[in-house]
Amino acid sequence: MPHTQHLLSIAMHGPQQADLSRSLVTEIANRGCNILECRIHPVGDQFAATMLVGGNWSSLGRLETALPAIASEHGLTALCTRSAGKSGDSKMRPYAVEIIAPQEAGLLRDVLDFFRSHESAVVEIVAQHYEATQTGAALANLQMVVHVPVTAHPPALRESFMDLCDELHADGLLDPIKN
């Protein structure tokens, strides 16, 4: 009889605490589940985690039942949902995007609009704000994974992307991700 893996998507948020990541990972492992995908990071002075956890039906049920108490013990809020695995789209090709630009209110919106106008799907975004070391200028660093149609002409897309970067006074990279 084949082993069927079920999936649970978990999001947790709350005050940052010492050793919180290890505690949560331990709680998940103690219930017989595996972390398949995970992003744990600070958001301001807060803790944020998103995880895709896999296991058999029974182990995920134990984790789902225990999650409210685990969250409460650590002062966190938690949401969980049964999930399905990712489905690949053979009509799309993944690209890594990085942009460093002056921090402005519409920056991320403009970048998302650009990719939408090129019929591309932004599937991951990491946005960070920082101050330039020498000048103290407010800068943004955007890192994304974008799925671009295989019918897109890479040199034309790259040229349009570089035009966008010029308009935004930004440095940018757009490279295919090799699987």
Side-chain angles (χ1 to χ4, degrees), residues 1-99 107-109 111-116 118-130 140-152 174-179:
M1 179 172 181
H3 176 287
T4 302
Q5 177 156 273
H6 298 271
L7 303 174
L8 186 66
S9 175
I10 301 172
M12 301 183 97
H13 186 267
Q16 190 65 260
Q17 303 163 37
D19 225 15
L20 184 54
S21 299
R22 188 194 60 75
S23 296
L24 294 176
V25 167
T26 299
E27 294 282 3
I28 292 167
N30 286 348
R31 284 163 180 82
C33 298
N34 295 315
I35 297 174
L36 305 175
E37 294 181 25
C38 178
R39 287 181 182 79
I40 297 175
H41 55 95
V43 177
D45 67 348
Q46 298 291 297
F47 169 90
T50 54
M51 296 176 251
L52 182 64
V53 176
N56 62 37
W57 180 85
S58 177
S59 62
L60 280 190
R62 284 191 302 272
L63 180 58
E64 268 183 308
T65 301
L67 202 55
I70 295 168
S72 179
E73 177 183 334
H74 297 288
L76 303 172
T77 57
L79 298 170
C80 67
T81 306
R82 291 288 176 137
S83 182
K86 290 180 188 175
S87 59
D89 187 346
S90 62
K91 296 177 184 169
M92 302 297 263
R93 179 178 20 198
Y95 276 76
V97 175
E98 184 168 6
I99 297 174
L107 175 65
L108 185 55
R109 177 204 61 221
V111 173
L112 293 174
D113 285 348
F114 169 82
F115 285 110
R116 183 177 189 194
H118 285 83
E119 299 176 359
S120 300
V122 177
V123 296
E124 287 185 35
I125 302 171
V126 175
Q128 297 173 316
H129 168 84
Y130 66 99
N141 181 345
L142 305 177
Q143 298 172 354
M144 298 181 233
V145 174
V146 178
H147 288 176
V148 175
V150 294
T151 58
L174 174 71
D175 291 317
I177 296 174
K178 295 169 181 56
N179 294 343

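One is the number of the first residue; the rest follow in order along the sequence.
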*Who pairs with S120 by side chain to side chain donor-acceptor pair (under 3.5 Å), at least two apart in sequence or on another chain?*
none
*Can you name the side chain to side chain donor-acceptor pair (under 3.5 Å) partners of R22, sequence neighbours left out?*
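So R22 forms a side chain to side chain donor-acceptor pair (under 3.5 Å) with D19.
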Nearest heavy atoms of [X] and [Y], plus distance in Å:
X: C80; Y: L8; result: CB-CD1, 4.0 Å
X: I10; Y: L67; result: CG2-CD2, 4.0 Å
X: G75; Y: P15; result: O-CD, 3.2 Å
X: A96; Y: I177; result: N-CG1, 3.5 Å
X: S59; Y: C33; result: O-SG, 3.5 Å
X: M92; Y: H147; result: CE-O, 3.1 Å

Rounded to the nearest 0.5 Å, how far apart are [atom1] of [X] and [atom2] of [Y]?
X: M12; Y: T77; atom1: CE; atom2: OG1; value: 8.0 Å
X: L76; Y: L20; atom1: CG; atom2: CG; value: 5.5 Å
X: N56; Y: H6; atom1: CG; atom2: NE2; value: 7.0 Å

With sequence neighbours excluded, residues passing side-chain contact (heavy atoms from CB on, under 4.5 Å) with [X]:
X: A66; value: R31, I70
X: L79; value: none
X: N34; value: Q5, L36
X: D175; value: R158, L173

Tabulate below the donor-acceptor pairs under 3.5 Å that side-chain atoms of residues 37-46 make, not counting sequence neighbours, or state none.
{"unit_1": "E37", "atom_1": "OE2", "unit_2": "K86", "atom_2": "NZ", "d": "3.3"}
{"unit_1": "R39", "atom_1": "NH2", "unit_2": "E124", "atom_2": "OE1", "d": "3.1"}
{"unit_1": "R39", "atom_1": "NH2", "unit_2": "E124", "atom_2": "OE2", "d": "3.2"}

_For residues 61-72, which residue pairs pass the side-chain hydrogen bond (donor to acceptor under 3.5 Å, both in side chains) check, not counting sequence neighbours?_
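Non-adjacent pairs meeting side-chain hydrogen bond (donor to acceptor under 3.5 Å, both in side chains): S58-R62, E64-R82.
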*Can you name the ring-ring contact (aromatic ring centres under 6.0 Å, His included) partners of H118, sequence neighbours left out?*
F114
*Identify, with sequence neighbours excluded, every residue that meets ring-ring contact (aromatic ring centres under 6.0 Å, His included) alongside F115.*
none
_Please list all pairs meeting salt bridge (Lys or Arg N to Asp or Glu O under 4.0 Å) that have one or both residues in residues 67-76, counting only residues at least two apart or in different chains._
none
*side-chain contact (heavy atoms from CB on, under 4.5 Å) evaluation trace for L174 with V148*: CA-CA 11 Å; L174 174 71; V148 175; 5.6 Å; no
*Check whether any side-chain N or O of T81 sits under 3.5 Å from a backbone N or O of S9 as a donor-acceptor pair, and report yes or no.*
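Side chain of T81 to backbone of S9, a donor-acceptor pair under 3.5 Å: no, none is there.
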*Verify, without hydrogens or angle tests, whether Q17 (side chain) and H74 (backbone) share a donor-acceptor contact under 3.5 angstrom.*
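Yes, the answer is positive, given that a donor and an acceptor are paired below the 3.5 Å cut-off.
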*Would I125 and L112 satisfy side-chain contact (heavy atoms from CB on, under 4.5 Å), going step by step from the backbone distance to the final call?*
CA-CA 10 Å; I125 302 171; L112 293 174; 3.9 Å; yes
*Can you find a pair of side-chain heavy atoms, one from S83 and one from L52, that are under 4.5 Å apart?*
yes
*State whether the number of non-hydrogen atoms from other residues, nucleotides or ligands found under 6.0 Å of Q16 atom CD is greater than 12.*
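Yes, the 6.0 Å shell around CD holds more than 12 heavy atoms from other groups.
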